[in-house]
Every structure is written in structure tokens, then in C-alpha cells.
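All ligand and atom numbering here is 1-based and tracks the order in the structure. Because the structure is predicted, anything quoted here is derived from the model rather than measured. Along the sequence shown, the residues carry numbers beginning at 1.
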Amino acid sequence: MNSPVEDPAATVAEVPDPHDPYPFFAARRRAGGVFHGTVMDYSRTPAELRPTNTFAAVSWSAVNQALRNGSVFSTQLYDATIGVFMGPTILAMNGLTHKAHRNLVSAAFKPQSLVTWEPEIVRPICDKLIDEFIAEGRADLVRDFTFEFPTRVIARLLGLPEEDLPFFREAAVAIISYAGNVPRALQASKDLKEYFLERIELRRSAPADDIISNLVTAEIDGEKLSDRAIYSFLRLLLPAGLETTYRSSGNLLFQLLTHPDQFAAIQHNHGLLPQAIEEGLRFETPLTLVQRYVTEDTELDGVAIPAGAVLDLCLGSANRDESRWERSEEFDIFRPRLPHISFTAGAHTCLGLHLARMETRVAMEALLRRLTGIALLPDGDPHIFGQPFRSPTALPVRFDVV
Ligand code: HEM
């Protein structure tokens with residue numbers, strides 16, 4: 001265990017290297033599982049979107065406990081933040097309404113669907129992307145690969161034409177980074193609504209084998225989803241499916257490229273990929289925090305939290321909790337397997353987790369099958385940046401062809 005610290009920084013914006021929040025998380029954990037303050041950097045957030053009374057959970061047990069108690073720690077606060085741009089989504093719903101809506105859309109994300117998506121959609125997309133750069137003997141694996149494949153996969157799953165990729169990728173990024181530019185996010189939200197309304201109409205008259213067609217025909221107690229419910233869900237799915245998956249696969253590649261012995265073991269035995277993917281998600285959590293609204297006066301890990309407070313649940317910190325993992329600050333694909341919390345827990349556990357895992361495995365398998373001797377270029381100096389979304393901005397590599 002680490003020695004206790006007296007006075008850790010009050011917010012992540014105060015730490016010496018804001019690109020690396022992990023020393024801040026560790027200091028906060030040593031001082032207790034929950035504190036009055038925040039792990040968000042609100043320095044660029046407009047005042048009207050900043051919560052006034054914030055608490056943060058940083059230990060595994062506090063984060064896990066809060067995620068599993070949705071009536072006290074509610075997602076309803078998303079209606080006033082990301083919901084302004086996405087509309088009413090399952091993310092902000094609770095109780096039976098959430099359950100009913102989630103049941104409707106989750107059929108499309110079950111492991112059985114992945115059995116056909118893997119060979120028919122994901123593998124061909126990964127191979128086509130590699131075709132585009134393989135002759136060069138070098139690539140930026142973020143720009144040329146990890147940033148590209150999740151967008152193309154989700155576009156295919158939704159049945160959207162490839163020429164629309166740049167439009168909806170830009171709109172998705174504008175929505176998810178709303179805090180930095182609210183007018184741009186509002187415009188993106190409006191553009192996506194109009195775009196999806198056209199696609200919904202198209203699928204209503206000519207259903208196909210894609211997620212939009214499934215949503216158009218889905219029913220709850222004989223009631224169909226409204227157009228608003230469908231395009232709002234689609235506005236959630238785009239950033240949910242793109243941002244996290246491209247970041248987690250970039251993070252995994254970064255860790256493997258900077259731990260060549262572990263990378264070599266995987267190149268020798270692709271069967272190690274699933275445990276490497278889980279360790280990548282634990283060690284470099286792509287989305288380091290989610291938030292909850294506190295609906296009643298309560299207590300978490302001995303800290304009193306009043307009704308009306310906003311609680312940060314720091315997944316990135318929980319995933320490095322030294323009381324759960326030995327050598328928690330080390331990347332080690334061979335460590336004994338214990339579930340991480342990168343997809344959260346409880347009712348709002350990520351709906352796309354099987355898809356995300358499969359996409360990452362297939363993408364890595366494609367790289368390992370076709371390229372060998374993959375190594376970072378010495379002048380590239382890649383780093384993982386960001387909070388709460390984290391990933392490398394570039395991964396310039398050279399390689400040989402198998
Ligand atoms: C490595 C990749 C991914 C990570 C780390 C991730 C992470 C998360 C997290 C942390 C949440 C919960 C948010 C909260 O509780 O406040 C969530 C929810 C969700 N995710 Fe993912 N996600 C990933 C990939 C995907 C993909 C590929 C899709 C779909 C294409 C997806 C769709 C969703 C949806 C629809 C929800 C809302 C579930 C609900 O509220 O019931 N995610 N995800």
C-alpha cells in the first residue's frame with residue numbers, strides 16, 4: 001500500500017501534468033474512497049453547464065457500489081448535459097422505462113449478432129484499411145487504422161452509405177466535445193436529427209438487415225418507438241460506438257508498442273489477445289469517468305453526500321485501485337484476471353461491450369496476421385492524452401509485410 005498523503009490537489013486541473021491524471025487519482029485514493037470535489041476539468045466548460053456541488057468516488061468499492069444503486073445515484077443528470085445535444089436516450093432513463101427501452105435496442109448487440117458481423121463486416125473493413133497503407137511500410141496507426149475502423153463498422157451496422165462517413169463522424173465528435181463549443185454541438189445535433197429522419201423514413205418504407213430497420217420495427221407493449229426516440233438513440237450510438245472503441249484500441253496498441261516483450265508474446269500466440277484487451281481497458285481506461293445525480297441524502301464510503309450533488313465515478317482510478325490489483329500501476333497482460341469497470345456496472349453497463357471487444361480483437365488479429373516487426377518510429381514521441389477521454393493522438397510505426 002502507498003503511504004498516506006495529507007493534501008492532494010483538489011481538482012485534476014491543478015496537477016502538474018494535466019495530460020496524466022493517474023498520479024492525481026492515486027493521491028486522491030490514498031486520502032480516501034470519496035472526496036468533496038471533482039475529477040473533471042471544468043476550466044473550459046461554460047458556467048451554466050458546471051455543477052455547483054460535486055463529489056468524486058475514486059476507489060474500486062465506492063465506484064462499484066454507486067454504479068449498482070441507480071435509484072440514489074441516478075443517470076438523470078445526463079438530460080441536462082449530453083442529453084441537450086442527443087435528446088432523450090437510454091443513458092438518462094431509469095427504472096422500468098430504461099429497462100423497456102434498453103430491451104428494445106439491446107437485441108441488436110447480443111453475442112449472437114456478432115457471429116455474423118465478425119466475418120461479414122468487421123474483418124473485411126479491417127483488411128481493407130490495411131490494404132490502403134501496407135505498401136508504404138509505415139503508417140500512423142491512429143489516423144490510418146484505429147480512428148477509421150469503428151466508424152466504418154458502426155456505419156455498416158446502421159446501414160449508412162460510406163460517403164456519409166465524414167459528415168457523421170464530424171457530427172459525433174462535435175456532440176461529444178460539446179463543453180468546448182456549445183453552438184457547434186447544437187448544430188451537429190440538428191443536422192444529425194434531419195439526417196436520421198430521412199434514413200428512418202427510408203427504412204420504414206424499405207426495411208433492411210440493419211439496426212435502423214430493427215429500431216423502426218421494434219415494439220414495447222405493442223407501442224413502436226417514436227421517431228424522436230429513434231434518432232436520439234442513434235445520436236447516442238454514434239459517439240458511444242466511435243469515441244470509446246477507437247480510443248481503447250489506440251491505447252492497447254500504445255501499451256503493446258511500448259512493452260515489446262508483451263507484444264512479442266502476443267505475436268507468437270494470438271490467443272493472448274482477449275486478456276491483453278482486458279488489461280488495456282483496465283490500465284488505460286478510454287473514458288475515465290461517468291457521472292451520477294444524487295437523488296437523496298446519502299453516505300458513500302463514510303462520506304455524507306447531500307441530495308442534489310453531482311457525483312463523479314472515476315472508472316480510471318477504480319481500475320488502478322491497489323487494494324484490488326497488485327502492482328496496479330503496471331501494464332501486465334499476464335496478471336490474474338479480475339474484471340475491470342471500464343464498461344461500468346449495474347443497469348447502464350455498456351450495451352456495446354461485446355461488439356467493442358470483438359472489434360478490437362479482430363482489428364488486432366488483422367494487424368498481426370499481415371504485418372510483422374511493428375515498431376514505433378523513434379521521432380514520433382507518441383503519448384496518451386486527455387481527461388475524461390484518453391488515447392494517443394498518433395502512433396507512427398514502421399513494419400514489414402508477413
Ligand atoms: C471500448 C469501448 C467502449 C467503452 C469503454 C464503453 C464505455 C461505456 C460506458 C462507461 C458506459 C456507461 C455510461 C454510464 O454509465 O454513465 C457505456 C454505455 C453505453 N455504451 Fe459503451 N463503450 C464502448 C463501446 C461501445 C460500443 C461499440 C457501443 C455501440 C455501438 C456502445 C454503446 C453504448 C450504449 C448504447 C450505452 C448506454 C447503455 C445504457 O445507458 O443502458 N458502447 N459505454
Side-chain angles (χ1 to χ4, degrees), residues 57 63-64 66-70 73-79 81-83 86 88-95 97-110 113-114 117 121-122 146 149-158 172 176 210-212 214-215 229 232-252 277-278 280-293 310-316 318-319 340-364 388-391:
V63 170
N64 192 36
L67 283 170
R68 291 170 192 279
N69 185 352
F73 303 105
S74 162
T75 61
Q76 73 193 61
L77 87 174
Y78 288 131
D79 270 336
T81 55
I82 197 79
M86 289 178 178
T89 67
I90 54 169
L91 199 54
M93 290 174 193
N94 283 292
T97 317
H98 172 255
K99 204 170 170 204
H101 278 79
R102 187 171 158 121
N103 280 348
L104 269 179
V105 292
S106 63
F109 292 94
K110 292 228 168 87
S113 317
L114 308 191
W117 291 348
I121 295 180
V122 184
T146 56
F149 78 81
T151 321
R152 295 193 188 192
V153 168
I154 199 81
R156 278 292 308 280
L157 297 182
L158 294 178
I176 210 136
D210 59 42
I211 289 177
I212 297 186
N214 292 349
L215 294 171
S232 299
F233 178 68
L234 295 172
R235 280 192 300 212
L236 162 69
L237 211 50
L238 272 190
L242 308 188
E243 275 284 318
T244 45
T245 311
Y246 106 74
R247 289 179 189 277
S248 69
S249 52
N251 289 347
L252 175 62
I277 291 169
E278 298 313 307
L281 283 162
R282 179 197 74 83
F283 183 76
E284 235 346 315
T285 310
L287 173 57
T288 58
L289 83 117
V290 297
Q291 292 186 312
R292 296 294 186 258
Y293 177 78
V310 167
L311 177 67
D312 296 342
L313 300 178
C314 190
L315 311 174
N319 277 336
H340 56 72
I341 206 151
S342 299
F343 294 116
T344 72
H348 291 274
T349 299
C350 177
L351 198 62
L353 61 87
H354 300 299
L355 173 62
R357 284 176 168 138
M358 182 269 274
E359 281 184 90
T360 313
R361 175 180 52 75
V362 171
M364 291 296 300
F389 285 102
R390 287 179 64 70
S391 60

Quiz item: Looking at ligand 1, does any of its N/O atoms fall within less than 3.5 Å of an N/O of T245?
Solution: no

Quiz prompt | Contacting atoms of ligand 1, where contact means under 4.0 angstrom from a heavy atom of P286 | solution = 5 (C)

Quiz item: If you measure from CD on Q291 to CD1 on I82, what distance do you get to the nearest 0.5 Å?
Solution: 11.0 Å

Quiz prompt | Numbered atoms and elements of ligand 1 in range of S248, under 4.0 angstrom, heavy atoms | solution = 1 (C)

Practice problem: Check each atom of ligand 1 against the heavy atoms of S342 and keep those under 4.0 Å away; list them by number with element. | Solution: 5 (C), 7 (C), 10 (C)

Quiz item: For R102 and ligand 1, does the shortest N/O to N/O distance drop below 3.5 Å?
Solution: yes

Practice problem: Consider ligand 1: state whether an atom of it lies below 4.0 angstrom from any non-hydrogen atom of I154. | Solution: yes

Exercise. With heavy atoms of L237 as the reference, note each atom of ligand 1 found under 4.0 Å away.
Key: 29 (C), 30 (C)

Practice problem: Quick one: pull up CG in L252 and CZ in F283 and give me the separation to the nearest 0.5 Å. | Solution: 12.0 Å

Quiz item: Counting heavy atoms only, which of K99, R292, M93 comes nearest to atom 15 (O) of ligand 1?
Solution: R292

Self-check item: Any N/O pair H98/ligand 1 closer than 3.5 Å
Solution: yes

Practice problem: Taking all non-hydrogen atoms of both residues into account, name the closest pair between T344 and C350 and its distance. | Solution: OG1-N, 4.2 Å

Quiz item: Any idea which heavy atoms bring R247 and R390 closest together, and the distance?
Solution: CB-O, 3.5 Å

Quiz item: Quick one: CZ on R357 to OG1 on T360, what's the gap to the nearest 0.5 Å?
Solution: 9.5 Å

Practice problem: Determine whether the side chains of N251 and S391 contain a donor N or O and an acceptor N or O closer than 3.5 Å. | Solution: no

Quiz prompt | atom 40 (O) of ligand 1 - nearest protein heavy atom and its distance | solution = H348 ND1, 2.7 Å

Quiz prompt | Straight-line distance of T97 OG1 to I90 CD1, nearest 0.5 Å | solution = 12.5 Å

Self-check item: Inter-residue atom distance Y78.OH - R292.CZ, 0.5 Å rounding
Solution: 5.0 Å

Exercise. Would you list the protein N, O or S atoms within less than 2.8 Å of atom 21 (Fe) of ligand 1, leaving out water?
Key: C350 SG

Quiz prompt | Heavy-atom pair of closest approach, residues G346 and T349 | solution = O-OG1, 2.6 Å

Exercise. Answer yes or no: does an N/O atom from Y78 fall short of 3.5 Å to an N/O atom of ligand 1?
Key: yes

Exercise. Look only at interatomic distance and state if E359 has a nitrogen or oxygen under 3.5 Å from any nitrogen or oxygen of ligand 1.
Key: no

Exercise. Considering non-hydrogen atoms only, spot the tightest contact between H340 and S342 and give its length.
Key: ND1-N, 3.1 Å

Exercise. Taking only heavy atoms of T344 into account, list the atoms of ligand 1 that are under 4.0 Å away from them.
Key: 10 (C), 12 (C), 15 (O)

Quiz item: If hydrogens are left out, which of L91, I277, L287, I211 has an atom nearest to atom 37 (C) of ligand 1, that is, the closest non-hydrogen atom?
Solution: L91

